[in-house]
Amino acid sequence: MIILKKPDDIHKYLKTTSDQGALSGFVPTMGALHKGHISLIETARQNSAIVIASIFINPTQFNDPKDFELYPRTIENDIYMLEKAGCDLLFIPNVEDLYPAGTQVVEHYDLGYLETVLDGKYRPGHFQGVCQVVSRLINVVKPDMLYLGQKDYQQCMVIKRLLILMGAKTEIVICPTLREANGLAMSSRNMRLSQVEKENATGIHTALIYIKEHIVYTALKNIKDKVGEILAKHNLVLDYIEIADAETLELLEELQNQKQVVALIAAYMGEVRLIDNMVITT
Ligand code: AMP
């Protein structure tokens with residue numbers, strides 16, 4: 001695996017491969033890699049001649065400075081995991097490489113409704129930051145395919161919109177959420193949890209399963225009340241629980257004629273904010 005830090009070096013390297021017609025697959029990450037990230041690399045490996053990953057903890061997407069400061073950093077192990085998974089190229093830029101004019105004056109993207117709900121509402125500015133970094137990474141890497149995790153459901157929709165706004169030809173591939181055996185969605189932030197907290201954090205998955213099993217014949221309000229109880233029992237402090245149309249992310253008070261809905265939960269375990277979701281066919 002080749003490791004490069006400078007956008008110009010990435011351009012030079014990828015120019016030779018794209019001249020040869022090799023399809024490229026890109027997996028952007030913030031590092032502290034786990035098997036969920038690696039599953040994206042493996043899927044990219046199956047579909048693309050050149051697999052590229054990036055590790056960059058993007059300062060502009062953290063609405064909470066403490067969250068940025070405490071974000072796990074495990075670069076040596078990340079490199080080992082990527083190499084083992086067959087990644088060809090790793091891009092590790094510095095802040096100045098991606099934000100040569102600094103992080104204060106940055107572009108604004110019209111994300112419309114998507115930015116007014118769920119993490120858009122609860123983490124002001126977060127999705128602008130995501131777009132700022134993803135647009136920069138896409139402009140450097142210019143991948144044919146972009147591999148994203150369903151774990152960040154709303155982020156996938158935001159990035160879909162970003163690619164339209166950018167007029168980029170990159171195609172998105174959404175990969176399923178990898179979970180621990182006990183149901184907890186894998187996340188870099190889990191590294192900040194104690195063993196007991198990790199066990200309690202499975203309450204989010206338990207709540208999603210409850211929703212799946214009851215959604216067709218129980219009023220959504222009652223479901224949300226019950227979810228609140230399940231989370232509280234697991235020492236989780238709720239940010240939001242919403243049921244939304246899986247295609248538009250329109251929040252639902254009642255089921256209408258949706259073929260698929262998505263249940264989305266954000267909750268705190270101590271100081272660590274966790275998100276998870278489940279797509280449900282009704
Ligand atoms: P992050 O490093 O958290 O920014 O995540 C980088 C990519 O990995 C994003 O597309 C995430 O959605 C994806 N990802 C994170 N956790 C998981 C997981 N448990 N299963 C599958 N993909 C994941």
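Computed from a predicted model, the values in this text were never measured in an experiment. Read the numbers this way: they start at 1 and go in the same order the structure lists the ligands and their atoms.
Ligand 1 has no atom lying under 4.0 Å from any heavy atom of C156. Heavy atoms of A32 come nearer than 4.0 angstrom to ligand 1 in no pair at all. At a 4.0 Å cut-off, at least one heavy atom of H34 sits close enough to ligand 1 to count as contact.
Given atom 22 (N) of ligand 1, the protein heavy atom at minimum distance is L40 CD1, 3.5 Å. Annotation: atom 6 (C) of ligand 1 to nearest protein heavy atom, P28 O, 3.3 Å. Protein heavy atom nearest atom 21 (C) of ligand 1, with residue, atom name and distance: P176 O, 3.4 Å. The nearest heavy-atom contact from the protein to atom 4 (O) of ligand 1 is M30 CG, 3.7 Å.
Closest heavy-atom approach to atom 10 (O) of ligand 1 among the candidates A53, S187, G149: G149. The closest non-hydrogen atom to atom 11 (C) of ligand 1, taken over V27, D78, D152, comes from D152. Among M186, H37, E180, Q61, the residue whose heavy atom lies closest to atom 2 (O) of ligand 1 is H37.
Between D245 and K259, no side-chain nitrogen of the basic residue sits less than 4.0 Å from a carboxylate oxygen of the acidic one, so the salt-bridge criterion is not met.
Residue E271 comes nearest to L70 through the heavy atom pair OE1-CD1, 4.5 Å, listed as atom of the first residue, atom of the second, then distance. Here the closest heavy-atom approach between residue N190 and residue A185 is recorded as ND2-O, 3.0 Å. Residues Y153 and L264 approach most closely at CB-CD2, 4.0 Å, considering heavy atoms.
In this structure K212 satisfies the salt bridge (Lys or Arg N to Asp or Glu O under 4.0 Å) test with no other residue, sequence neighbours excluded.
Under a hydrophobic clustering in which Ile, Leu, Val, Met, Phe, Trp and Tyr are joined whenever their side-chain heavy atoms come within less than 4.5 Å, directly or via other members, M157 and I243 fall into different clusters.
Residue L33 does not touch ligand 1, judged by heavy-atom distances below 4.0 Å.
The closest donor-acceptor contact from the side chain of T248 to the backbone of E250 lies under 3.5 Å. In this structure, the side chain of Y71 does not engage the main chain of M30 through any donor-acceptor pair within 3.5 Å. Distance alone, capped at 3.5 Å, is enough to place a donor-acceptor pair between the N139 side chain and the S135 backbone.
Note: an N/O pair closer than 3.5 Å links L178 and ligand 1 by distance alone.
Near T177, the atoms of ligand 1 lying under 4.0 angstrom from a non-hydrogen atom of the residue are 19 (N), 20 (N), 21 (C).
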